[in-house]
4 protein chains.
Amino acid sequence: MEKREVHASVKDEQLVSMRRTQMIKGAVTLFKDKGFHRTTTREIAKAAGFSIGTLYEYIRTKEDVLYLVCDFIYDEVKDRLQKEVNQNRGTIENLRLTIAYFFQVMDDMQDEVLVMYQEAKSLSKDALPYVLNKEIEMVKMFEVVISHCVENGELRLSEEEISLVAHNIFVQGQMWGFRRWALQRAYTLEDYIDIQTELLIGGLYVHK
Amino acid sequence: MEKREVHASVKDEQLVSMRRTQMIKGAVTLFKDKGFHRTTTREIAKAAGFSIGTLYEYIRTKEDVLYLVCDFIYDEVKDRLQKEVNQNRGTIENLRLTIAYFFQVMDDMQDEVLVMYQEAKSLSKDALPYVLNKEIEMVKMFEVVISHCVENGELRLSEEEISLVAHNIFVQGQMWGFRRWALQRAYTLEDYIDIQTELLIGGLYVHK
Amino acid sequence: MEKREVHASVKDEQLVSMRRTQMIKGAVTLFKDKGFHRTTTREIAKAAGFSIGTLYEYIRTKEDVLYLVCDFIYDEVKDRLQKEVNQNRGTIENLRLTIAYFFQVMDDMQDEVLVMYQEAKSLSKDALPYVLNKEIEMVKMFEVVISHCVENGELRLSEEEISLVAHNIFVQGQMWGFRRWALQRAYTLEDYIDIQTELLIGGLYVHK
Amino acid sequence: MEKREVHASVKDEQLVSMRRTQMIKGAVTLFKDKGFHRTTTREIAKAAGFSIGTLYEYIRTKEDVLYLVCDFIYDEVKDRLQKEVNQNRGTIENLRLTIAYFFQVMDDMQDEVLVMYQEAKSLSKDALPYVLNKEIEMVKMFEVVISHCVENGELRLSEEEISLVAHNIFVQGQMWGFRRWALQRAYTLEDYIDIQTELLIGGLYVHK
DNA sequence: GATGAATGAGGTTTCATTCAT
DNA sequence: GATGAATGAAACCTCATTCAT
């Protein structure tokens, strides 16, 4: 799926890229605190460090900001995850590390992920599928890693189980952020990683 | 935690209760379609079947509607779950049934749950803890059921593991609704229940 | 052609009618001074004697105001003209009186007519035909009066000539308003009526 | 009345003249389609083939563009008319030809004339008299031609009648453009010229 | 207790104009 | 002389809330 273009009046692509980075940074902070709807475009402009007029040189509507924010967050998460997965050798040990790494990323970016989670529904019907697609791609990464373990004979899982385990891992990563009010009070990140990994993988070994 | 009172000008309590039921029903449908912020108070009044003036006889602010909606949904889910859990005898078989029942409830009420999930953040700092508390109580129900199994010797889990498994069950129930775009395309509810239960419990048996 | 409906949120039709009258009155004055585009909706509301919020209870867009203004002016002119024409007996003398009466109306309403003339182009593609239709109907009134004279044998004109004379009368009425900077400096209304009538009819007599 | 100066930062007069020609050409097209107020300065610059910055090297305000456009159109019309009138010998036949020629010019330039007609009111109090003056001068040309006929004894008209006939001719020329929705559906330009001329002059002959 | 007309703060977006490069 | 990014005043319109009836 190709990237959705957000129209900018400004021609200089480097400038566009720079300004948008400023914008996204400011917007994430605001959305985190007040949500998308309660944040005004003026606030976004101010947080980004430029005027309201300038903001609209780089987007067409307020919703464009939300899209850019979501797009950015997904790309960031996906890129980080991709790097880890690329080194994968298909062993259980690798799966453990991938999960740990993913949970770590979700911890680092929990504010961003929370924002995305709560505001993605405000995306237009146009933009939503593009964002959901990114999530599907990430889930697929986990599927690939798990499949390797199955092919190696280290795990015995049906196709359907593989897919669902991948979803579970993904959601458990997000949980750490969006249920922080419960989980981060009770567990350290390390504990959370350890216990979830054990619960997930403990039950999957072939020889058990 | 005691129930948060929403002020009504009208004294007749039965009337208040009736009007609020109408209101919640209408509001859920609207929130489902357009979200809390994009729904106007006029629309809520209309969907409830009375005038905007009347609406404000039963609430003080728009946010009160959201609170009442969230409150109602949680109560509904919790009540249903409570009934099931009350019959529980503390066996693995009972745990399976509880999970199946919970997932079924989450399927029945997926629109409502989705609404709550996406809009709860718009609750005031005042109302949010009360709603989160309800969630904690529900997670505790699962903890109780699992604990029984541990006490029976059918499962071997630490305190920390019990709590996290309870969270996992809860979130997997919600997942079915808020990731419907992926899950409900790939699995029937029955399959989802079966596979998730197996993945959850399969790894927890003492004798495996 | 049926009347184009302008949506009002308010139900009470009498109230709607009253408020719109206030609105039109205020708007005409403003449009006269500054034109449609330079007049703000707030100014219209203020001139009408209510708040901006109230204004929008009676219209949907600013353009609706323009439409209502144009509609009102045309109706006013047309109604007045209709009354005169209804008494018509089809003689040259009647034609003279009709022209005089029309020019008098155009003098009374010259501000309104000027507004309509200059701003009608800002009407949406949707509303314009409806307004133009009213003009066609007025031109037809003149055609009827002239035709009677032809049928009576008092004038000898082809169909095409009748139509064009009707247009000329109509435009000469408007001229008095929109070229006031030249004409009203040089002629009194009475002189204008006399001379134009003579020029128009003088050349049309059968026996001349 | 002397020409109103529009300030240009650029000194090279030839360049100024060239750029302004480009500008006027582009602006006329835009004003024709969308009107003065709905046309942005950026669009004008683009249509003229240079940047918004450059546009403002040749004008001081947006209204200057309108003035230049109006000025240009009037000059064009007036120049063409002047050439014809200069050959005039003061006969009825010459008057006929002048009218025919003028109507032809108004047909050629009907878009431009329409623009001017609808937008002239947006000129500042400063610029308007200058433009109106041009119109007065054109009307005077017709007065001169008609006066010649009167002096020749071919027509018998008072001073006041001469002036009004001149106005009528002028407005009937414009009519062809601004009432095109009615007239150009019913008449060819030739028919329009013939009938209007006959109606105008038919009634003026001395011997009739 | 019910109604709905009235309010106006505040939201998003546009666009004429400037000025550093 | 030419460019186009930046600016911010000001436009249109919405909608939560009130209050007289």
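Please read all numbers here as calculations on a predicted model, not as lab measurements.
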Requested in this report: Answer yes or no: side-chain N or O of Arg60(A) and base N or O of dT13(E) forming a donor-acceptor pair under 3.5 Å.
Outcome: no
Query raised in the report: Of Lys62(C) and Ile52(A), whose nearest nucleotide on DNA chain F comes first from the 5' end?
Result: Ile52(A)
Query raised in the report: Taking only N and O in the side chain of Tyr56(A), is any of them less than 4.0 Å away from OP1 or OP2 of dA6(F)?
Result: no
**Report entry** Spacing between Leu66(A) atom CG and dT12(E) atom C1', to the nearest angstrom
**Finding:** 15 Å
Query - Among dG10(E), dA2(E), dT13(E), the one nearest Thr54(B) by side-chain distance - result: dA2(E)
**Report entry** Whole angstrom value for the distance that separates C1' of dA10(F) from CD of Glu43(C)
**Finding:** 11 Å
Query raised in the report: Hey, are the side chains of Glu63(C) and Leu123(C) touching, using non-hydrogen atoms and a 4.5 Å cut-off?
Result: yes
Report task. Return the value, rounded to whole Å, for the distance between atom CD of Glu57(B) and atom P of dT17(F). Result -> 14 Å
Requested in this report: Measure from NE2 on His7(D) to C1' on dT18(E) and round the result to the nearest Å.
Outcome: 14 Å
Requested in this report: Name the nucleic acid region contacted by Thr40(C), choosing base, sugar-phosphate or nothing; use a 4.0 angstrom heavy-atom cut-off, strictly under.
Outcome: sugar-phosphate
Query raised in the report: Taking OP1 and OP2 of dA2(F), is either one under 4.0 Å from a side-chain nitrogen or oxygen of Tyr58(D)?
Result: yes
Requested in this report: Round to the nearest Å and state the distance from Phe50(D) atom CZ to dG4(F) atom P.
Outcome: 13 Å
Query - Partner nucleotide, any strand, of dT12(E) [Watson-Crick/G-U, under 3.5 Å] - result: dA11(F)
Requested in this report: Under a 3.5 Å limit for both distances, which nucleotide forms a Watson-Crick or G-U wobble pair with dT21(F), could you say?
Outcome: dA2(E)
**Report entry** Pairwise 5' ranking along DNA chain E for Phe36(A) and Gly49(C), keeping only the more 5' one
**Finding:** Gly49(C)
Query raised in the report: Centre of Phe178(A)'s six-membered ring, under 6.0 Å away, within 45 degrees of the axis: is that where NZ or CZ of Lys121(B) sits?
Result: no
Requested in this report: From the options dG1(F), dG4(E), dA6(F), select the nucleotide whose nearest atom is closest to the side chain of Leu15(D).
Outcome: dG1(F)
Report summary line: Sorted by position of nearest nucleotide on DNA chain E, 5' first, the leading residue of Leu55(B) and Gly53(A) is Leu55(B)
Query - Met18(B) side chain near Gln22(B) side chain, heavy-atom distance below 4.5 Å - result: yes
Requested in this report: Quickly, which of Leu68(D), Leu15(D), Val65(D) forms a side-chain contact (heavy atoms from CB on, under 4.5 Å) with Tyr58(D)? Name it, please.
Outcome: Leu15(D)
Query raised in the report: Does a side-chain heavy-atom distance below 4.5 Å link Phe72(A) with Glu112(A)?
Result: no
Report task. Please tell me which of Val10(A) and Glu63(B) maps to the more 5' nucleotide of DNA chain F, matching each residue to the nucleotide holding its nearest heavy atom. Result -> Val10(A)
Query raised in the report: Just how far, in rounded Å, is P of dG8(F) from CD1 of Ile44(A)?
Result: 18 Å
Query raised in the report: What nucleotide among dT12(E), dA5(E), dA16(F) has an atom nearest to a side-chain atom of Arg42(A)?
Result: dT12(E)
**Report entry** Parallel, tilted or perpendicular: ring planes of Phe36(D) versus Phe31(D), cut at 30 and 60 degrees
**Finding:** perpendicular
Query raised in the report: Can you tell me how far C1' of dG10(E) sits from NE2 of His37(B), to the nearest Å?
Result: 14 Å
Query raised in the report: Please give, in whole Å, the distance from dC12(F) P to Leu30(C) CG?
Result: 12 Å
Query raised in the report: Just checking Arg38(D): base, sugar-phosphate only, or nothing, at a heavy-atom cut-off of under 4.0 Å?
Result: nothing
Requested in this report: Under 4.0 Å between any heavy atoms, over every strand shown, what does Thr61(D) touch: base, sugar-phosphate, or nothing? Just pick one.
Outcome: sugar-phosphate
Query raised in the report: Base, sugar-phosphate, or nothing for Thr41(D), non-hydrogen atoms under 4.0 angstrom?
Result: base
**Report entry** Contact under 4.0 Å: Arg19(C) side-chain N or O vs dA5(E) OP1/OP2
**Finding:** no
